[in-house]
Amino acid sequence: MIETAVFKVMDTACFLWHHMDDAHIIYDVRSGHSQALNDFAYEIFEILADKPCSLAGLTVELEKILEQPLGDELKSQVKKTIIDFDKMGLIEPKNPEHRE
Amino acid sequence: MNPDLSTIKRRLSGSGLFMTVGPICTKISIKFPSIRDEFMHIYKGYSFSEQPEITDYYLDVYAKSFYRRYVRPQVALNTLTRNNFVPLPESMGLLSVEMGMNWQVAFGCKTHVLFHAGVVERDGIGVVIPAISGSGKSTLSAGLAYDGWRFLSDEFGMLDVDTGLLYPYPRPVSLKNESIAVMKDWVGDPEPFSREYEGTPKGTICYLRPPVPSLENMHKPVRPRVVIHPVFNPNAKPSITPLTKTMAFFRLVRSSANYGDIGEAAFHALTKVAEETISCEITYSSLEEAIALVNQFIDENIS
């Protein structure tokens with residue numbers, strides 16, 4: 001279902017950011033967890049925070065930013081990042097049944 | 001000013017004596033004379049009072065029954081929040097006292113971000129030494145303390161989230177096994193040491209009182225400037241590996257006992273520490289080597 005689900009950031013007010021030279025640190029006020037995102041993951045999060053998006057929609061947005069088509073490796077990296085964000089509780093499907 | 005010795009002993013054996021170490025005041029009573037004597041020796045020079053304004057913690061060291069007081073005497077602890085600690089024989093009573101105080105700070109302190117770390121200071125440069133057990137954190141902190149540095153802590157680094165300053169909590173250093181002989185040799189005077197407690201779950205333990213100037217300055221905070229993660233390896237060549245700010249941040253989070261409890265303020269405080277300090281990992285095989293590496297890293301990176 002990951003291919004068809006539309007994901008949204010749960011609540012941007014739940015997250016605090018600190019940007020360092022080599023990473024973006026996110027703090028989740030609900031859980032007290034901190035995690036580091038690289039530039040690529042941060043960009044994906046920003047797109048989703050801007051508006052809910054499907055995997056295909058994300059690919060289009062990233063291609064616009066990078067000004068070139070995404071290769072297979074990057075596409076699978078985007079998919080993995082979405083799955084990780086979902087597990088971390090940073091994003092959720094707009095329709096919860098799409099998680100299954 | 002401290003009460004006179006007879007008042008200290010009377011309060012310690014009876015209704016309780018208040019001991020202030022850095023920002024924390026603990027009311028302590030010890031019903032065993034032998035443990036009182038050991039406590040008085042290792043806490044010589046600390047600040048005691050009969051009635052402070054605020055008391056943070058409470059520690060009653062007692063026997064659960066008349067039998068356990070005199071026949072195979074056993075030490076029980078009551079901290080007001082917990083009284084079911086595993087009892088120890090009277091001969092290990094000082095370990096109970098230390099464990100009771102550590103437990104209360106580790107689980108009760110929400111006023112400061114706690115690091116499981118040693119903290120020392122020289123020329124206004126606060127150095128945090130976070131580490132896992134066995135890395136040589138205590139030996140390095142104590143070694144620096146008896147090499148002219150000010151000792152702030154062996155076990156708990158205490159960071160004030162509002163000011164970003166580290167507050168001293170200079171309790172006696174808990175030395176274990178091989179590090180006991182190393183530090184006895186390093187200090188060269190048996191007086192600040194406790195006797196050795198053999199057969200504990202961590203092997204042999206011995207306590208070392210911090211130097212007098214560190215106790216005299218136990219209310220003077222310092223700004224953290226350097227974070228050093230020690231790694232003891234008897235076969236290693238000495239080395240210094242710098243850490244990125246992000247690595248430094250996550251290592252601080254890992255070493256903190258109450259980061260999640262304090263929450264947002266702790267996140268801001270630790271990112272600030274990571275940004276404003278320089279961090280490295282040092283690998284060493286002897287105390288002399290570790291101290292040389294610490295001095296080298298600071299001299300090369302802090303003007």
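Per chain, numbering begins at 1; letters A, B, ... match sequence-line order. Every heavy atom of this structure was used, including side-chain atoms; hydrogens, water molecules and symmetry mates were not.
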*asked:* Would you say CG of A/Asp72 has more than 12 non-hydrogen atoms from neighbouring residues, nucleotides or ligands within 6.0 angstrom?
replied: no
*asked:* Please classify the contact of A/His24 with chain B as side chain, backbone, both or neither, using a heavy-atom distance under 4.5 Å.
replied: neither
*In sequence, state the C-alpha distance, the side-chain angles, and the governing distance for A/Met20 and B/Thr244, and then conclude on side chain to side chain contact (heavy atoms under 4.5 Å, CB included).*
CA-CA 9 Å; A/Met20 291 188 166; B/Thr244 66; over 6 Å; no
*State whether the number of non-hydrogen atoms from other residues, nucleotides or ligands found under 6.0 Å of A/Asp21 atom CG is greater than 12.*
no
*Should the pair B/Phe267 and A/Tyr27 be assigned to parallel (<30°), tilted (30 to 60°) or perpendicular (>60°) ring geometry?*
parallel
*Quick one: closest heavy-atom pair of A/His19 and B/Glu275, and the distance?*
O-OE2, 3.8 Å
*Does a sphere of radius 6.0 Å around NZ in B/Lys176 hold more than 12 heavy atoms from other residues, nucleotides or ligands, not counting ones at 6.0 Å or beyond?*
yes
_Any residue of residues 31-39 of chain A which, by heavy atoms, sits under 4.5 Å from chain B_ = A/Gly32, A/Ser34, A/Gln35, A/Ala36
*Residues two or more places apart in sequence or in another chain: which of them pass side chain to side chain contact (heavy atoms under 4.5 Å, CB included) with B/Ile240?*
B/Cys280, B/Ile282, B/Leu293, B/Gln296, B/Phe297
*Other residues, nucleotides, ligands: >12 heavy atoms within 6.0 Å of B/Lys110 NZ*: yes
*Side chains of A/Asp22 and B/Met247: does their closest heavy-atom pair fall under 4.5 Å?*
no
*So with a 6.0 Å cut-off around CD1 of B/Ile54, is the heavy-atom count from everything else above 12?*
no
